[in-house]
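Throughout, protein chains are lettered first and strands after them, A, B, ... in sequence-line order, and every chain is numbered starting at 1.
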Number of protein chains: 2
Amino acid sequence: MIKPRSRRGGGRPTIADVARKAGVGAITVSRALREPERVSEDLRRQIQVAVDELGYVPDPNARALASARADVFGVLVPSLTNNVFAEVVRGIYDSLSDGPFRVQLGNTHYSGLEEERLLQVFGPQRPAALIVAGINQTPTARKLLETAGCPVVQVMETGPDPVDMLVGFSHLDGGRTATEHLIEAGYRRIGFIGARMDPRSQRRLAGYRAAMEAAGLFDARLVTTTPVPSSVTLGRELFRDALAKAPTLDGVFCNNDDIALGVLFECHRAAIAVPRTIGIVGFNDLDMMQSAFPSITSIRTYRYEIGRRSVAMALAAIAGKRPEQRVVDLGFELIRRESTAR
Amino acid sequence: MIKPRSRRGGGRPTIADVARKAGVGAITVSRALREPERVSEDLRRQIQVAVDELGYVPDPNARALASARADVFGVLVPSLTNNVFAEVVRGIYDSLSDGPFRVQLGNTHYSGLEEERLLQVFGPQRPAALIVAGINQTPTARKLLETAGCPVVQVMETGPDPVDMLVGFSHLDGGRTATEHLIEAGYRRIGFIGARMDPRSQRRLAGYRAAMEAAGLFDARLVTTTPVPSSVTLGRELFRDALAKAPTLDGVFCNNDDIALGVLFECHRAAIAVPRTIGIVGFNDLDMMQSAFPSITSIRTYRYEIGRRSVAMALAAIAGKRPEQRVVDLGFELIRRESTAR
DNA sequence: TTGTACGCGTTATCAA
DNA sequence: TTGATAACGCGTACAA
């Protein structure tokens with residue numbers, strides 16, 4: 001005696017079971033599920049009944065194997081806990097939760113090599129689209145993206161030469177705008193305080209420098225940076241360093257809001273008046289900036305929207321409709337608050 | 001003329017190509033890759049050479065289809081941006097990045113129904129393990145977990161009746177400890193301020209209540225909660241509400257650190273002395289608690305470690321070694337700081 | 001609009 | 001220790 005088809009699979013119904021029950025061919029069931037409009041009204045209903053009764057759910061692995069394409073969005077970000085990228089990722093998930101697509105998330109830890117490695121892991125899965133943070137891929141990573149054979153969206157920045165599509169904003173302009181605001185508010189010895197110093201931080205620094213030089217205020221001793229990951233506590237420490245190097249400091253543009261909050265706390269602790277003695281500007285405009293005391297001026301960025309847009313663009317490309325703009329600049333906004341109002 | 005094997009696949013080498021090149025059977029290549037110790041030294045080397053020369057990478061979809069098991073960890077969390085879960089997720093990713101396992105992350109948005117839906121999406125993928133946040137699954141979700149046919153780890157809480165394995169800590173004890181600390185510090189009209197009020201927040205509230213009742217201090221007017229998502233700004237607002245309801249308030253145990261920070265800022269703004277007039281305790285001990293001015297007392301929790309442990313337990317179960325303890329309590333620690341030092 | 005035949009790349013089974 | 005054969009469940013190509 002031989003038991004047929006009992007080897008594995010736990011007896012879950014297959015497309016063949018549905019087809020038999022509905023009295024149609026398997027391929028018709030397949031079509032009814034993926035392109036309902038190409039199946040007659042009648043059969044579609046019969047098939048739906050059979051599907052419901054059997055509790056049939058397509059096997060994504062079999063589907064991927066047969067079609068050489070998985071319903072997966074590969075997403076690569078440098079950090080899972082940095083609120084900035086968490087918001088982007090949230091936007092991506094929210095945009096994808098309705099449809100058939102899953103998300104495959106990778107954490108590059110701000111490393112180009114890890115990015116390459118993850119791309120090599122994602123490739124064999126034949127993802128439907130790839131979304132990656134930043135524009136500074138290694139040559140190898142860039143080649144992997146170019147040959148991925150699916151839409152690619154780089155996010156969080158703008159740049160001249162996207163692999164495929166791009167949605168973000170100019171960190172250089174953001175840094176310049178923040179610095180110009182401090183200058184206009186009357187600050188002169190304006191420091192830059194930055195942690196991590198990934199490519200985006202570097203460009204914000206470049207924007208700071210451009211503004212300071214244009215005003216004839218640049219002084220290398222005003223710049224305090226570290227490759228160490230950013231945190232509120234680190235902001236306090238860096239601010240102390242900055243003050244030690246440049247005692248006449250009267251303002252700071254911070255790499256991000258965590259640093260800015262650390263600076264504010266250190267000012268409180270050292271009884272330094274904000275904004276009178278020191279002006280503070282952050283970057284990203286996290287919720288807490290508006291509630292801090294004094295509230296902190298910041299550059300508002302649209303991370304969640306960047307996530308949503310990146311998915312919309314990829315989806316359009318998958319549907320064959322390449323969007324007319326392959327590069328989308330979502331901009332930023334300077335939010336003036338008490339920390340620079342003197 | 002018929003072109004054989006040219007239909008799709010982009011010409012990537014398959015296991016058959018490797019087998020031919022190495023002069024062995026396909027199945028031997030498969031074994032050499034997955035269980036090297038079951039293949040002779042000689043063949044193993046030959047196969048490795050062929051793999052390298054061809055640049056062969058196994059197709060995960062074909063592998064999943066044939067083995068009826070995907071090298072995927074399904075992970076379900078209620079939020080992607082809440083730092084608490086982001087840390088857990090980071091721990092999971094870091095623990096899995098070396099091995100063959102991918103991560104499939106789902107955002108339940110604090111909804112039992114979404115959790116069910118995601119579990120139904122994950123099921124057909126035949127994940128190697130499932131990690132879910134919390135212990136309050138709907139009956140349907142719980143059944144899906146029980147019949148998933150893979151190790152299941154519930155995280156972030158302890159509880160008496162795990163689906164399979166469990167790693168977390170007691171939110172009730174955490175809430176009680178925080179409140180008892182305020183009582184011991186001499187505060188009497190101690191409020192509870194909570195947002196979101198998910199099951200874990202509810203248990204922290206229960207801990208607060210237990211401590212207050214034990215001391216004969218409980219008063220319903222001291223409790224201020226909202227289902228609205230937590231934020232620093234919301235913390236400010238809720239604190240104002242709390243003060244309006246209970247003007248003699250002299251301390252607050254906050255649901256989490258964001259709320260606590262909001263309370264602190266509101267105290268600054270209203271010139272309420274901390275810790276003299278109001279004592280503040282947070283929950284989770286985010287980095288900024290130690291740097292705030294004054295620094296804020298909080299309950300330190302081990303989110304990253306919870307993520308790592310959950311993977312370790314799942315991995316052990318996959319390897320057939322069910323860990324001796326199916327329930328792991330990682331505890332918490334009260335970190336006393338200036339905000340309650342009067 | 002529907003169906004037939006076959007292949008996708010891998011692993012389980014079982015025999016050698 | 002190794003290999004031949006047969007699935008795994010589905011989609012593509014092509015014909016009807």
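Residues passing the side chain to side chain donor-acceptor pair (under 3.5 Å) test with B:R63: none are found, sequence neighbours excluded. In this structure, the side chain to side chain donor-acceptor pair (under 3.5 Å) partners of A:R90, at least two apart in sequence or on a different chain, are A:E87. With sequence neighbours excluded, the residues satisfying side chain to side chain donor-acceptor pair (under 3.5 Å) with A:E53 are A:K21.
Nucleotide C:dG7 holds its P atom 14 Å from the CG atom of A:L65, rounded to whole Å. Rounded to an integer number of Å, the gap from CZ of A:R69 to P of D:dT12 is 11 Å. Note: CD1 (A:I27) to C1' (C:dG3) measures 9 Å, nearest angstrom. Taking atom CD1 of B:I15 as the reference point, atom C1' of D:dC8 lies 15 Å away to the nearest angstrom. Counting to the nearest Å, the C1' atom of C:dG9 and the CZ atom of B:R12 are 9 Å from each other. Rounded to whole Å, atom P of D:dG9 lies 12 Å from atom CZ of A:R20. We find that CG of A:N61 is positioned 17 Å from C1' of C:dG7, with the value rounded to whole Å. Atom P of nucleotide D:dT1 and atom CZ of B:R38 are separated by 8 Å, given to the nearest angstrom.
Mapped onto DNA chain C by nearest heavy atom, B:P60 and A:V24 fall at different nucleotides, with A:V24 at the one closer to the 5' end. Heavy-atom distances to DNA chain D give each of B:A62 and B:G23 a nearest nucleotide, and the one nearer the 5′ end belongs to B:G23.
Considering only heavy atoms from C-beta on, B:F122 stays 4.5 Å or farther from B:L144 through its side chain.
In this model, no donor atom of one side chain and acceptor atom of the other lie less than 3.5 Å apart for A:E114 and A:T108. Between the side chains of B:Q48 and B:D52, a donor-acceptor pair is found at a separation under 3.5 Å. A side-chain donor from one of A:Q154 and A:Q137 sits under 3.5 Å from a side-chain acceptor of the other.
Counting all heavy atoms, side chain and backbone alike, B:A70 lies closest to B:Q125 at CB-O, 3.3 Å. Pairing each heavy atom of A:I15 with each of A:A26, the nearest pair is CD1-O, 3.7 Å. Residue B:R44 comes nearest to B:P36 through the heavy atom pair NE-O, 3.3 Å, listed as atom of the first residue, atom of the second, then distance. The heavy-atom pair separating B:A317 from B:M165 by the smallest distance is CB-CE, 3.9 Å.
Note on A:R63: a side-chain N or O is less than 4.0 Å away from OP1 or OP2 of D:dG11.
Here the nucleotide nearest the side chain of A:D59, chosen from D:dC10, C:dT10, D:dT12, is D:dC10. The listed nucleotides are C:dG9, D:dT12, D:dC10; the one nearest the side chain of A:P58 is D:dC10.
Overall, the helix from C:dT1-D:dA16 to C:dA16-D:dT1 carries an axis bend of 20° between its ends, with five pairs at each end and the value rounded to 10°.
For DNA chain C, the neighbouring residues in residues 39-52 of chain A, judged by any heavy atom under 4.0 Å, are A:V39, A:S40, A:L43. Near-neighbour residues of DNA chain C inside residues 28-37 of chain B, defined by a heavy atom below 4.0 Å, number-ordered: B:S30, B:R34.
Rounding to the nearest 0.5 angstrom, the gap separating the OG atom in B:S79 from the CG atom in B:N107 is 6.0 Å.
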